[in-house]
Amino acid sequence: YEIHSLSFTSLHPHYLFGGSSKGHVVLWDTRSNSSPIAVTFPSLNSHNMPITYLKIVGDSSRNTLTSVSLDGRVCMWNIDDLKHPVASVVIYSSHVASMSMSLTA
């Protein structure tokens with residue numbers, strides 16, 4: 001995996017989260033071998049471009065991984081189940097931006 005962003009938290013001291021160039025969230029457990037223990041699945045609600053930002057938010061009873069990608073999408077992930085995002089919103093669309101630029105030009 002070509003990794004563009006990394007994140008870790010004291011809430012899960014053995015976990016290292018990576019954001020890949022293909023839009024996958026990759027999870028490693030530093031106590032095990034070098035292979036990832038989880039990788040997100042592609043879907044309509046997940047990233048399809050490089051992930052540029054990862055942040056774990058929450059407290060010891062509940063925490064979520066937030067990711068931001070060049071596709072303009074923000075996803076929130078359940079750290080215990082990275083199959084699909086629990087929430088996803090597009091905050092920027094290059095298609096909408098190029099349409100608005102051409103309308104104002």
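Ring-plane geometry between Y1 and H24 is classed as perpendicular, the angle between the planes exceeding 60 degrees on a 0 to 90 degree scale with a lower cut at 30.
For the pair S21 (side chain) and P50 (backbone), a donor-acceptor distance under 3.5 Å is absent. The backbone N or O of V57 lies less than 3.5 Å from no partner atom in the side chain of T64, so there is not a single donor-acceptor pair.
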Check step by step if side chain to side chain contact (heavy atoms under 4.5 Å, CB included) holds for S67 and L54. CA-CA 5 Å; S67 58; L54 292 169; 3.5 Å; yes
Could you walk me through whether H84 and S46 pass side-chain hydrogen bond (donor to acceptor under 3.5 Å, both in side chains), step by step? CA-CA 7 Å; H84 301 286; S46 61; over 6 Å; no
Side chain to side chain contact (heavy atoms under 4.5 Å, CB included) between S20 and E2: does it pass, once the steps are laid out? CA-CA 5 Å; S20 83; E2 183 179 327; over 6 Å; no
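For D59 against L11, the heavy-atom pair with the smallest separation is O-CD1, 3.7 Å. Minimum interatomic distance between N78 and D80 (heavy atoms only, all atoms of both residues): OD1-N, 2.8 Å. Here the closest heavy-atom approach between residue L82 and residue T40 is recorded as O-CG2, 3.2 Å.
Between atom CG of residue L70 and atom NE2 of residue H47 there is a gap of 10.0 Å, rounded to the nearest 0.5 Å. Atoms CH2 and OG1, from W77 and T66 in turn, are 11.0 Å apart once rounded to the nearest 0.5 Å. Here the OG-NE2 distance, from S69 to H4, works out to 9.5 Å after rounding to the nearest 0.5 Å.
Follow the hydrophobic side-chain contacts under 4.5 Å out from I56 and you reach Y15 in the same cluster. Placement of I37 and I51 within a single hydrophobic cluster is found when ILVMFWY residues are connected by side-chain heavy-atom separations under 4.5 Å, directly or transitively. Y53 and L65 fall into different hydrophobic clusters, where Ile, Leu, Val, Met, Phe, Trp and Tyr are joined by side-chain heavy atoms under 4.5 Å apart, directly or via other members. A continuous path of ILVMFWY side-chain contacts below 4.5 Å connects I79 to V25, so both sit in one hydrophobic cluster. By the rule that hydrophobic residues join a cluster once side-chain heavy atoms approach within less than 4.5 Å of another member, L16 and V26 end up as members of one cluster.
Side-chain contact between V39 and L27: absent, with no pair of heavy atoms (C-beta onward) separated by less than 4.5 Å. In this structure, S88 and M76 have side chains that are not in contact, with every pair of non-hydrogen atoms separated by 4.5 Å or more. For the pair L6 and F17, the minimum side-chain heavy-atom distance is 4.5 Å or more.
A donor and an acceptor atom, one from each side chain of W28 and S34, are nowhere located under 3.5 Å apart. Using modelled atom types, one finds no donor on one side chain facing an acceptor on the other under 3.5 Å when comparing S43 with N45. H12 and N63 are linked by a side-chain donor-acceptor pair at a separation below 3.5 angstrom, with hydrogens and angles left out of the test.
Enclosure of atom CZ in R31 by more than 12 non-hydrogen atoms of other residues, nucleotides or ligands within 6.0 angstrom is indicated.
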